[in-house]
Amino acid sequence: MPFLVFLAVIGLQVFMVVHVLRNDRPCWWIGVIILVPIAGSFAYFLVEIAPSLRAAPKVVQLEDVRPTSHRTEDIHARSSHRRSARARAPHAQPLRARAIPAVANWAEQIEEREVKARRVSDVIATGTINDKLAWAEECMKRALYGDAARLYESAREGYFVNAADILLGLARASLENGDFVAARQVLRELAAAHPNTFVQERGILDARALAAGGDLAGGVAELEHLLARQDSLEARRLEARYYYAEFLWKQGVKDLALAQLAELIRHGQFFNMTVEEEFWVLRADEVRSALIS
C-alpha cells in the first residue's frame with residue numbers, strides 16, 4: 001500500500017510538471033511541486049488550474065475585439081507615433097491645429113473604447129492571473145495605461161500580492177498613466193518586499209516619477225546615483241543616461257545634456273549592442289539631431 005501511495009504521488013507530480021511546461025506557467029512552480037509534493041500540487045491546482053475551469057475569457061489581441069464593420073486607425077501605429085513624439089526635443093515641434101474628426105469617427109472611437117473596457121472588466125472579474133498579466137502587457141503595448149494599471153492591480157492576489165514582476169508592471173503603468181504618486185508608492189512596496197530585485201528599473205522609474213511630479217532635482221540626483229554604480233546592466237545605464245540628459249535639458253543645463261546624448265551615441269559606435277541598447281542609442285541620436293538643428 002505505501003508503494004502505491006508513493007507511485008500516486010509521483011504520478012501527480014509528473015502530471016503537474018507537464019501541465020506547467022505545456023501551458024507556459026511560471027517555472028518556479030516546478031520547484032514547488034517537487035519540493036512539497038502534495039501541498040505544492042494542491043496549491044498549483046488551486047491557483048493555476050481551478051480558475052481556468054471556469055468560463056474565463058480567453059486573452060486575445062486587442063485588434064480582435066474591434067467591430068468588424070468599423071475598423072479605425074491602428075492603435076499600435078498611434079502609440080508608435082506618440083513614442084516618436086516623446087523622443088523629440090521638448091521645444092522642437094510647435095503646436096499645430098489638428099483637424100476635428102467627423103461625428104461618425106467619434107462614434108466609432110467611443111464604441112471601440114466601450115468594447116475594450118468591457119473586455120478588460122471581464123478579465124479582471126473572471127480571468128486567471130496569467131490572463132490578467134497577458135492582457136496588461138497588451139494594454140501597455142497599445143498605450144492603454146489606465147487599463148493596464150487596473151489589470152496589474154487585480155493580479156495582486158493570493159501568493160502574488162507582492163510578486164516583483166507584477167509590482168514593477170503596476171508601477172510602470174501608473175507612471176505612464178500620469179499617476180506619479182501611486183507609481184512611487186508601488187515602487188516603495190517593491191523595494192520593501194524585494195530589496196535586491198529590479199534595483200535599476202526601480203531607480204529609473206522613481207527618477208521619472210519625481211521629475212514628472214515637478215522634482216527635477218530629485219530625478220537628476222536619483223539618476224546620478226544609478227549611473228555611479230558599476231554593476232548596472234548596460235541597457236539600464238543607457239536608459240538612465242537618456243533620461244538624465246532629458247532632465248538636465250529641462251533644468252537648462254544644455255551643454256551637459258548634449259554631452260550625455262553624445263556619450264550615448266558613442267556607445268553605439270564602439271560596441272555591439274542588444275536590441276534594447278540600440279533603441280536608446282537611436283533615440284538619443286534623434287533627440288540630439290533635433291536639438292542642434
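Note that the structure is a prediction, hence the values are computed from the model and not measured.
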Do you know the tightest heavy-atom contact between [X] and [Y]?
{"X": "T197", "Y": "R202", "value": "O-NH1, 2.6 Å"}
{"X": "A209", "Y": "R184", "value": "CB-CG, 3.5 Å"}
{"X": "M16", "Y": "S41", "value": "CE-O, 3.6 Å"}
{"X": "A173", "Y": "Y152", "value": "CB-CD1, 4.2 Å"}
{"X": "A240", "Y": "L226", "value": "CB-CD2, 3.7 Å"}
{"X": "L170", "Y": "E153", "value": "CD2-OE1, 3.1 Å"}

Check whether any side-chain heavy atom of [X] lies under 4.5 Å from a side-chain heavy atom of [Y], and answer yes or no.
{"X": "V281", "Y": "D285", "value": "no"}
{"X": "E239", "Y": "Q200", "value": "no"}
{"X": "L205", "Y": "Y243", "value": "no"}
{"X": "H267", "Y": "R241", "value": "no"}
{"X": "L151", "Y": "L133", "value": "no"}
{"X": "Y145", "Y": "M140", "value": "yes"}
{"X": "R142", "Y": "D147", "value": "no"}

Going through the checks in order, is the salt bridge (Lys or Arg N to Asp or Glu O under 4.0 Å) test met by E138 and R119? CA-CA 12 Å; E138 287 295 330; R119 293 285 184 170; over 6 Å; no
Between [atom1] of [X] and [atom2] of [Y], what distance do you get to the nearest 0.5 Å?
{"X": "L167", "Y": "L187", "atom1": "CG", "atom2": "CG", "answer": "9.0 Å"}
{"X": "S154", "Y": "D131", "atom1": "OG", "atom2": "CG", "answer": "10.0 Å"}
{"X": "D206", "Y": "H225", "atom1": "CG", "atom2": "NE2", "answer": "11.0 Å"}
{"X": "N177", "Y": "R150", "atom1": "CG", "atom2": "CZ", "answer": "11.0 Å"}
{"X": "Q13", "Y": "I33", "atom1": "CD", "atom2": "CD1", "answer": "8.0 Å"}
{"X": "M273", "Y": "E234", "atom1": "CE", "atom2": "CD", "answer": "10.5 Å"}

Looking at I10, I want to see if its CD1 is surrounded by more than 12 non-hydrogen atoms of other residues, nucleotides or ligands under 6.0 Å.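 Check passes, neighbour count above 12.
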Under 4.0 Å between a Lys/Arg side-chain N and an Asp/Glu carboxylate O for E189 and R156?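 Yes, this pair counts.
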Do the side chains of E176 and R208 get close enough for a salt bridge, i.e. N-O under 4.0 angstrom?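 Salt bridge present between E176 and R208.
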Transitively linked via ILVMFWY side-chain contacts under 4.5 Å: [X] with [Y]?
{"X": "L227", "Y": "L233", "result": "no"}
{"X": "V32", "Y": "L46", "result": "yes"}
{"X": "Y159", "Y": "V36", "result": "no"}
{"X": "I166", "Y": "V199", "result": "no"}
{"X": "F160", "Y": "F45", "result": "yes"}

Could you check W249, F279, W280, F247 and say which one makes a ring pair (Phe, Tyr, Trp, His ring centres under 6.0 Å) with Y242?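 Exactly one pass, corresponding to W280.
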Positive for side chain to side chain contact (heavy atoms under 4.5 Å, CB included) with L261, one of L291, I292, L248: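 Looking at L291, I292, L248, the match for L261 under the side chain to side chain contact (heavy atoms under 4.5 Å, CB included) is L291.
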Please check if the side chain of K250 supplies one atom and the backbone of L216 the other of a donor-acceptor pair under 3.5 Å.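 No; judged by distance alone, with no hydrogens or angles, the pair does not exist.
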How would you list, by chain and number, every residue that makes a ring-ring contact (aromatic ring centres under 6.0 Å, His included) with F180, sequence neighbours excluded?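 For F180, no residue satisfies ring-ring contact (aromatic ring centres under 6.0 Å, His included) once neighbours in sequence are set aside.
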Run the side-chain contact (heavy atoms from CB on, under 4.5 Å) test against A193 and tell me which residues pass, sequence neighbours left out.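 A193 satisfies side-chain contact (heavy atoms from CB on, under 4.5 Å) with N162 once adjacent residues are dropped.
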Keeping to residues at least two apart or across chains, list the salt bridge (charged side-chain N to carboxylate O under 4.0 Å, His left out) pairs with something in residues 256-278.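 Passing the test, one end in residues 256-278: R236-E276, E263-R266.
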